[in-house]
Protein chains: 4
Amino acid sequence: MDHHPTSGLWSGPSKRDAILAGAYRAFARYGYANTKIETIAELAGVGKGTIYLYFENKEDVFRQMVKELIERHLDALRGRLSGDGSPGARLLAVFELHMAILKRHPYSFSLHGRDVGPADEDLRNWLREQKRRFIRDLERTIEEGIRTGEFRRVNARSAALWVFALLGIAFLEEVLQDVGWEDRLKTFIDLMRNGLWSQPNDTALV
Amino acid sequence: MDHHPTSGLWSGPSKRDAILAGAYRAFARYGYANTKIETIAELAGVGKGTIYLYFENKEDVFRQMVKELIERHLDALRGRLSGDGSPGARLLAVFELHMAILKRHPYSFSLHGRDVGPADEDLRNWLREQKRRFIRDLERTIEEGIRTGEFRRVNARSAALWVFALLGIAFLEEVLQDVGWEDRLKTFIDLMRNGLWSQPNDTALV
Amino acid sequence: MDHHPTSGLWSGPSKRDAILAGAYRAFARYGYANTKIETIAELAGVGKGTIYLYFENKEDVFRQMVKELIERHLDALRGRLSGDGSPGARLLAVFELHMAILKRHPYSFSLHGRDVGPADEDLRNWLREQKRRFIRDLERTIEEGIRTGEFRRVNARSAALWVFALLGIAFLEEVLQDVGWEDRLKTFIDLMRNGLWSQPNDTALV
Amino acid sequence: MDHHPTSGLWSGPSKRDAILAGAYRAFARYGYANTKIETIAELAGVGKGTIYLYFENKEDVFRQMVKELIERHLDALRGRLSGDGSPGARLLAVFELHMAILKRHPYSFSLHGRDVGPADEDLRNWLREQKRRFIRDLERTIEEGIRTGEFRRVNARSAALWVFALLGIAFLEEVLQDVGWEDRLKTFIDLMRNGLWSQPNDTALV
DNA sequence: AATGAATGAGAATTCATTCAT
DNA sequence: GATGAATGAATTCTCATTCAT
């Protein structure tokens, strides 16, 4: 069984990692506002004061936690994007991995979808930049697919946005638990490939 | 001049509306934890104490604000979904309206996607129910389209999820401002109709 | 009986005054480090939070308290310095008032002599400036006395320093309680007037 | 080169001395409350834990530091007081040395005059006792001078207080840097000898 | 109804002190 | 002896909520 790149989030022996792991669980469970530093410390198995040896304050713990979380996730996806196979195969691989990660880290959801904590300007900018970079990577892959003829001739930039949006399906986790992951993934990929309409059509809208 | 159903969110003269409008701006800008009741009062142009004449407490302000926001948004979309035209045309109309609303309410996305505030069980359940209901409506429309032959024979439930996910494109608002709304919308709809791949293909994944 | 200008320190009805009065008592009794904000609040008869409506933080309470205390004291002394009578008489009046104030405000001592709290740069500069100003006023009075022939021809600036140093006698309050105020004042004034030596002498030192 | 008794305060190679020297600088600069044990350790060039090998706690560091500082200073002055020469000459010698010490140890004044740290009963009593003893020594010298006719017939106890107060001139160090030490000392001594008034006068006050 | 000064429960943060290395 | 990472008791400070006006 392969060791999933993100399954052992903050599993290192360092106090810093222990704190981030505790913060992850606490924030996911209670939301930012309802998480006490003391709770994080308890979950991390360290003293309250220790947190302040490694982080500025509560907001800083949150910020660094989110940053590492997103960074690892996107890095993992990027690994697939620049892997082997045709652009289409790589795009599907990204999808597959994304879903797998979310499946194993239900908490991750809460963070994406629920309470990204204080709308810290720094964090917001960082997130924006990360998204931008990832979308750029998607764009290049799509351009390549267009060149090889695997993809239709679409606006690569907009298509990258579209693919990124599809990754947002994460949000729906808690919405429909009655649809199995397998089915869901299969349909998504089918739609991504072939679209919803039975007849090709690009009549102007409205 | 048509009066857009959701464009004038809380534009009424009532204090309650003023408070919700202030809360909307404050929560979107600072996040739940960093928003002070006092700030909401200032933005609303009322006294701090007044808020407690209309709401139970801070969480209640947040809850009602989100509920009304989502309710109006989804009601508007539902109006299009049950309007005139073929299932496909109605689906596109929903898309179009969704984008238009987000265009006018840039803050809105923060609330949809990220900062749903405190881990309030009640609100979370309500949101889940709303999404479920809306997805069910999408599902029925897609089933109808499949029956009429307009759509391909796909798993309607999963396809509904997929469409809902696409609405999440809202997130990208702040990410890529260099892509015009028109272009983006056109490409999205094209992809939704026809998919990204040039050759129809439904080989099993992996 | 005349109402002493500094006897009713912070006797106003305002919360701010009440807090400063409480702070005065608390700091004098326990020293800066051992004074809790809560204690000040209790002595002031207000809630803990109220203090933060009027002051930045503990250090700010201390700073403003000292400033007002010194300001009133020096203003009172200055009143005598610019009053009626010959320069010599005015100088003696300053002395007399200074001693009287210290006699009535034993706490004041503790503050002067014991724990002037955090060596806050701002406060230190302010104190220095106050002393400087007061010494300048003393200097002018001494110059006037030299002109009128009441005083000997000395370096007025240095003499002003000397007089100011004598006011520091305050410190000795707690040292020798066995010497009565009357005797002490009489001797001090005598020495200030006539010096300690029986024979005039200005042989070079060393 | 003469080894000035107090000039090389805590200059020994022992850790204990290094700590006291660091504490001296830290307390003088930041005040008791704002001085962290860690800062003292840094200034002393030792580890934080080392301090607890030589001292009970923070208060103990402060107490011992002040005690040694004052003890050395007063011992040095006492040496002059019981030296050679007439009582008047010895008094002037004390003055001279006092000024010299302050000149080399500008921080010193903060400790003498202001920030005697926490309202530690033990330290306060010790300081009172030290002052009392020194003033008694001054008193004896003055009595001797009165007997020999060098000094005028004044209340020796009050005169001793007066002289001690004059030593408080230390305070003025930071106030007036534009007056040279030489001029200042000369004027002070002149005033101490001859008084400020040109005509002997001991009319009762008030 | 409307207000905002006042409050204090509750959370964040600090830092003297300990103790394993 | 020396150290400094770790700790949690003790304090500062915040801010939702109340209530007299």
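All chains are named by letter (A, B, ...) in the order of the sequence lines, taking the proteins before the strands, and each is independently numbered beginning at 1.
Salt bridge present: C:R16 and C:E68 bring a charged side-chain N and a carboxylate O closer than 4.0 Å. Look at A:R72 and A:D75 and you find no salt bridge, because none of the NZ, NE, NH1 or NH2 atoms lies under 4.0 Å from a carboxylate O.
F:dC15 atom P lies 17 Å from atom CD1 of C:I51, rounded to whole Å. Distance NZ (B:K58) to C1' (F:dT14): 11 Å, rounded to an integer number of Å. Rounded to a whole Å, the CD atom of C:E56 is 9 Å from the P atom of F:dT14. What separates CD1 of D:I40 from P of F:dT3 is a distance of 15 Å, to the nearest Å. The CD-C1' distance, from D:E42 to F:dG4, rounds to 11 Å in whole Å. One atom, CZ of C:F62, and another, P of F:dT12, lie 14 Å apart when rounded to the nearest Å. Across the protein-nucleic acid pair, A:I37 atom CD1 and F:dT11 atom P stand 21 Å apart, rounded to whole Å.
Nearer to the 5' terminus of DNA chain F, by closest-nucleotide assignment, is the contact made by A:G45 (compared with the other of C:E59 and A:G45). Sequence order on DNA chain E of the closest nucleotides to B:V46 and C:V46 puts B:V46 first from the 5' end. Heavy-atom nearest nucleotides on DNA chain E were determined for C:L53 and for A:K36, and the one closer to the 5' end corresponds to C:L53. Each of A:G49 and C:G49 has a nearest nucleotide on DNA chain F; the 5'-most of these lies closest to A:G49.
Within a 6.0 Å radius of CD in D:E38, other residues, nucleotides and ligands contribute 12 heavy atoms or fewer. A:E56 CD: 12 or fewer foreign heavy atoms inside a 6.0 Å radius. Within 6.0 Å of NZ on D:K67 lie more than 12 heavy atoms contributed by other residues, nucleotides or ligands.
Residue C:S14 is out of contact with every strand shown, counting any heavy-atom pair closer than 4.0 Å. Among the atoms of the strands shown, only primed sugar atoms or phosphate atoms (P, OP1, OP2) are found under 4.0 Å from some heavy atom of D:T35. Contacts of D:Y54 with the nucleic acid, taken as non-hydrogen atoms under 4.0 Å apart, involve only primed sugar atoms and P, OP1 or OP2.
Checked by atom type and distance alone, the side chain of C:T50 never pairs as donor or acceptor with a backbone atom of C:V46 at under 3.5 Å. Checking side-chain atoms of A:T39 against main-chain N and O of A:T35 turns up no donor-acceptor pair under 3.5 Å.
Aromatic ring centres of D:Y32 and D:F62 lie closer together than 6.0 Å.
Across all their heavy atoms, A:G22 and A:I40 have their closest contact at C-CG2, 4.2 Å.
In this structure, D:K48 does not reach the F:dT3 phosphate: none of its side-chain N or O atoms is under 4.0 Å from OP1 or OP2.
The span of DNA chain E lying next to chain D, judged by atoms under 4.0 Å from heavy atoms, is bounded 5' to 3' by E:dC15 to E:dT18.
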Query - Pair pattern of DNA chain F in dot-bracket, where unpaired bases get dots and | marks partners in another strand, Watson-Crick or G-U under 3.5 angstrom - result: .||||||||||||||||||||
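When only modelled atom types and interatomic distance are considered, B:Q64 and B:D60 share a side-chain donor-acceptor pair under 3.5 Å.
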